[in-house]
Amino acid sequence: MKNTKAYILVLCLVLLFCAMPWKKIAKAGRQPAAVSKSASADQGKNSGSSGGSGSSGSSGSGTNNAGTPGSRERVTIVKDVYPYDIAKDRDGFYWKKIDITVSDSHYMTQINDWFENFGDYKNKTVQIEGIYLKFGKYTLVGRNGPSCPYCTGGYVDFEFKSDQDLSRLQSEKSWIRVTGILREGSVEMSDGTSQPMYYIEAIKVSRLEKAGVNPISN
């Protein structure tokens, strides 16, 4: 009887000893996998650009990281293409009839529609008032307003391209009127692709003494 008890005790110790490594392996297998922090999303020009709202196309660059296994190559903006000659188009500009005037009412609604249905507005003349904005090399006109798909830094804005000297204007302070033509340009990316971008070919940029409604509500 004593021999039987001793045998059972030894057998239990042997089984316990053999089981210990397996417990460690099981615990190790439950450790959480490392989370990759290198994932990022590309940012097109119309998004912020410089802001903007899509800012007509405006600023922005890809933020994809390269150099690590499984990561995508970083995509950046190589060149902004504004295909129209401002000086030439100024000579033939018809000042007596402006197709679209954007002022205090439906400011955000109009700008959003430009981005969403640009084919309906391409090459039409426009006059818009708002705050002068400069983000990097991009210039925009906009107003403070509610959140929207094409807003930049709290502004509902749209990019314009001018050949005038704007050095006396103060970004986020000066109130301006931009008169010009709604145009489509393009953004060339480092991966060989290109994206359309929308902007105003500014025939004239005027500084205004009196500001309009700001912030806007629609």
How about Tyr138 and Leu133: do any of their side-chain heavy atoms sit closer than 4.5 Å? no
Are any of the side-chain heavy atoms of Thr139 and Tyr132 separated by less than 4.5 Å? yes
Remaining members of the apolar cluster that contains [X], side-chain heavy atoms under 4.5 Å:
| X | result |
| --- | --- |
| Val81 | none |
| Ile203 | Phe93, Trp95, Ile98, Ile181 |
| Tyr94 | none |

Does anything in residues 160-175 pair up under salt bridge (Lys or Arg N to Asp or Glu O under 4.0 Å), and if so which pairs, sequence neighbours excluded? Arg90-Asp163
Applying ring-ring contact (aromatic ring centres under 6.0 Å, His included) to Phe118 and not counting sequence neighbours gives Tyr198
Can you give the donor-acceptor pairs under 3.5 Å from side chains of residues 209-218 to other protein atoms, not counting sequence neighbours?
residue: Asn214; atom: OD1; partner: Asn144; partner atom: N; Å: 2.8
residue: Asn214; atom: ND2; partner: Asn144; partner atom: OD1; Å: 3.0
residue: Asn218; atom: OD1; partner: His106; partner atom: N; Å: 2.9

With a 3.5 Å distance limit and no angle check, can you tell me whether Ser171 reaches the backbone of Lys134 through a side-chain donor-acceptor pair? yes
Check: Lys88 main-chain N/O paired with Asp85 side-chain donor or acceptor under 3.5 Å: yes
Atom pair [atom1] ([X]) and [atom2] ([Y]), whose distance is rounded to the nearest 0.5 Å:
| X | Y | atom1 | atom2 | value |
| --- | --- | --- | --- | --- |
| Met197 | Ile77 | CE | CD1 | 9.0 Å |
| Ser186 | Gln195 | OG | CD | 10.0 Å |
| Ile176 | Leu169 | CD1 | CG | 6.5 Å |
| Leu182 | Tyr199 | CG | OH | 10.5 Å |

Contacts of type salt bridge (Lys or Arg N to Asp or Glu O under 4.0 Å), residue Asp99, not counting sequence neighbours: Lys97
Show me the pairs that pass side chain to side chain donor-acceptor pair (under 3.5 Å) and involve residues 174-184, at least two apart or across chains. Asp89-Arg183, Asn123-Arg183, Gln127-Thr179, Glu129-Arg177, Arg183-Glu201
Arg143 and Asp157 ion-paired at < 4.0 Å: no
Pairing residues for Ser162 by the side-chain contact (heavy atoms from CB on, under 4.5 Å) criterion, not counting sequence neighbours: Phe160, Gln164, Leu166, Ala202, Val205
Taking side-chain contact (heavy atoms from CB on, under 4.5 Å) as the definition, give me every residue that meets it alongside Thr193, ordered by chain and number, with sequence neighbours left out. Met189, Asp191
Once you measure the plane-to-plane angle for Phe115 and Phe158, does it fall in the parallel (<30°), tilted (30-60°) or perpendicular (>60°) bin? tilted
Restricting to non-hydrogen atoms, name the atom on Ile100 and the atom on Tyr121 that form the minimum distance, rounded to 0.1 Å. CD1-CD2, 3.4 Å
Side chain to side chain donor-acceptor pair (under 3.5 Å) partners for Asp91, two or more places apart: none
